[in-house]
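Here's the structure, in structure tokens; my notes come after.
Scope of the values below: all heavy atoms of this structure, side chains included, with no hydrogens, waters or symmetry mates. Read the numbers this way: they start at 1 and go in the same order the structure lists the ligands and their atoms. Just so you know, residue 1 is the first one in the sequence shown, and it goes up from there.
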Amino acid sequence: MKPIRKAIFPVAGLGTRFLPATKAMPKEMLTVVDRPLIQHVVDEAREAGIEHFIFVTGRGKGAIEDHFDVHFELDATLTDRNKQAELEQLSRDLPGAGQTSFTRQQLPLGLGHAVWCARDIVGDEPFALLLPDVLVQHTPGCLAQMMQVYREQGSDANMIAVEEVPPERVHMYGVVGVGAAVGKAFKITQMVEKPKREAAPSNLSITGRYILQPEIFAILENQPRGAGGEIQLTDGMVRLAQMQPFLGFKFAGQSFDCGSKIGFLAANVSYALAREELAPEFRAELKRILKDL
Ligand code: G1P
């Protein structure tokens with residue numbers, strides 16, 4: 001089995017659901033408490049052992065590149081002011097020199113196209129894919145859990161994190177069909193992107209964390225447009241599943257769909273309550289607000 005060293009982060013999306021916040025700022029830089037969404041997801045990948053971080057960006061996303069760079073003037077000012085804790089935090093959050101790559105998805109042609117844009121940087125090895133819209137709150141993180149199960153099953157399989165969603169929400173996600181158990185995972189029998197409730201093979205949705213084999217790139221290269229006129233990753237995975245094993249994994253943890261306002265707000269509440277130094281005061285504040293409603 002080849003090790004999984006690289007992860008792709010598709011960050012080219014316009015973030016229209018968060019306008020005007022995202023007019024001049026990438027949606028991936030919106031903060032959950034005091035860390036940008038993209039930092040939370042990079043943290044999850046680093047914890048899982050990922051060594052190279054590939055960002056598929058687009059116009060107006062320069063802040064992401066700056067965020068994962070050393071900020072010399074800031075470091076100098078913090079040093080002058082003896083702000084040791086802040087300096088250490090900044091340094092901890094930063095991937096090492098040469099561990100990041102940025103490429104652009106020139107046109108908004110969908111998730112499958114975004115992944116394909118990273119093909120040369122990934123090369124001929126399996127990789128992780130993390131969608132920064134989705135946060136999973138758990139220790140160990142979702143990708144670390146997947147890596148463990150991936151290693152245990154022992155083959156060059158593909159693996160998707162899945163979770164149960166209410167039937168009235170299946171049309172918002174990719175949905176999988178469930179086959180036989182393989183250790184802590186299960187064989188995926190079907191994948192459908194944004195199915196109607198009646199056509200969904202189950203209520204297990206694809207949660208934005210994937211381990212994929214590099215053969216996906218050749219498939220995406222010739223992938224016709226699917227749902228919404230976009231090159232859909234799910235359609236590419238359906239074709240890959242005809243050639244290679246595909247496993248689903250029900251992770252432990254609470255997911256937040258931060259692509260929606262409610263999910264994003266709920267993530268802020270939940271992550272703040274998980275912070276020791278914030279929780280007591282924040283809980284009191286929440287109680288006060290709720291009491292007045
Ligand atoms: C994408 C995927 C979908 C997955 C979802 C998770 O859809 O295509 O299969 O369930 O992310 O958030 P999007 O949210 O980009 O429309």
Side-chain angles (χ1 to χ4, degrees), residues 7-18 22 26-28 30 32 37-38 40-41 44 55-58 105 107-118 128-137 142-143 146 158-178 188-197 199-212 216 219-220 223-241 246-251 253-264 266-267:
I8 301 178
F9 303 86
V11 292
L14 285 177
T16 46
R17 279 189 278 181
F18 282 90
T22 49
K27 66 170 172 171
E28 296 79 11
L30 292 169
V32 169
L37 281 169
I38 190 66
H40 283 283
V41 183
E44 182 185 326
F55 301 88
V56 182
T57 74
Q105 184 184 22
L107 293 168
L109 293 179
L111 180 59
H113 180 254
V115 170
W116 177 75
C117 287
L129 167 66
L130 298 96
L131 309 188
D133 273 356
V134 182
L135 292 190
V136 178
Q137 192 178 24
C142 184
L143 188 62
M146 288 172 79
N158 300 270
M159 185 178 282
I160 303 179
V162 298
E163 68 181 325
E164 279 173 25
V165 291
E168 62 275 14
R169 288 174 67 86
V170 288
H171 69 278
M172 299 165 66
Y173 302 101
V175 178
V176 304
V178 182
I188 288 179
T189 56
Q190 271 187 76
M191 289 177 265
V192 198
E193 185 63 18
K194 311 215 163 67
K196 292 207 172 97
R197 183 176 176 161
S202 76
N203 68 337
L204 286 180
S205 79
I206 299 176
T207 310
R209 300 291 185 270
Y210 312 74
I211 292 172
L212 294 171
I216 192 71
I219 292 173
L220 291 172
Q223 177 77 36
R225 296 185 187 206
E230 296 189 339
I231 298 171
Q232 293 289 352
L233 178 65
T234 303
D235 296 345
M237 294 195 301
V238 167
R239 285 164 64 201
L240 187 57
F246 246 91
L247 303 175
F249 170 63
K250 279 198 209 178
F251 56 91
Q254 168 74 49
S255 80
F256 296 95
D257 178 1
C258 294
S260 81
K261 288 189 182 94
I262 297 295
F264 174 73

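Protein non-hydrogen atoms do not reach within 4.0 Å of atom 14 (O) of ligand 1.
Close approach to Glu193 involves these atoms of ligand 1, each under 4.0 Å from a residue heavy atom: 2 (C), 3 (C), 7 (O), 8 (O), 9 (O).
With sequence neighbours excluded, no residue forms a ring pair (Phe, Tyr, Trp, His ring centres under 6.0 Å) with Phe251.
Within 6.0 Å of the CG atom in Leu109, the count of heavy atoms belonging to other residues, nucleotides or ligands exceeds 12.
Considering backbone and side-chain N/O atoms, Gly174 comes within less than 3.5 Å of an N/O atom of ligand 1. Between Lys194 and ligand 1, a contact under 3.5 Å exists for at least one N or O pair.
Contact annotation: for Thr234 versus ligand 1, heavy atoms closer than 4.0 Å belong to the side chain alone. Looking at Leu131 against ligand 1, only its side chain comes within 4.0 Å, counting heavy atoms. Neither the backbone nor the side chain of Asp257 comes within contact range of ligand 1; no heavy atom lies under 4.0 Å.
Nearest protein neighbour of atom 6 (C) of ligand 1, counting heavy atoms only, is Ile206 O, 3.4 Å. Annotation: atom 12 (O) of ligand 1 to nearest protein heavy atom, Val134 CG2, 3.6 Å.
Note that the CG atom of Leu107 and the CD1 atom of Ile231 stand 9.5 Å from one another [nearest 0.5 Å].
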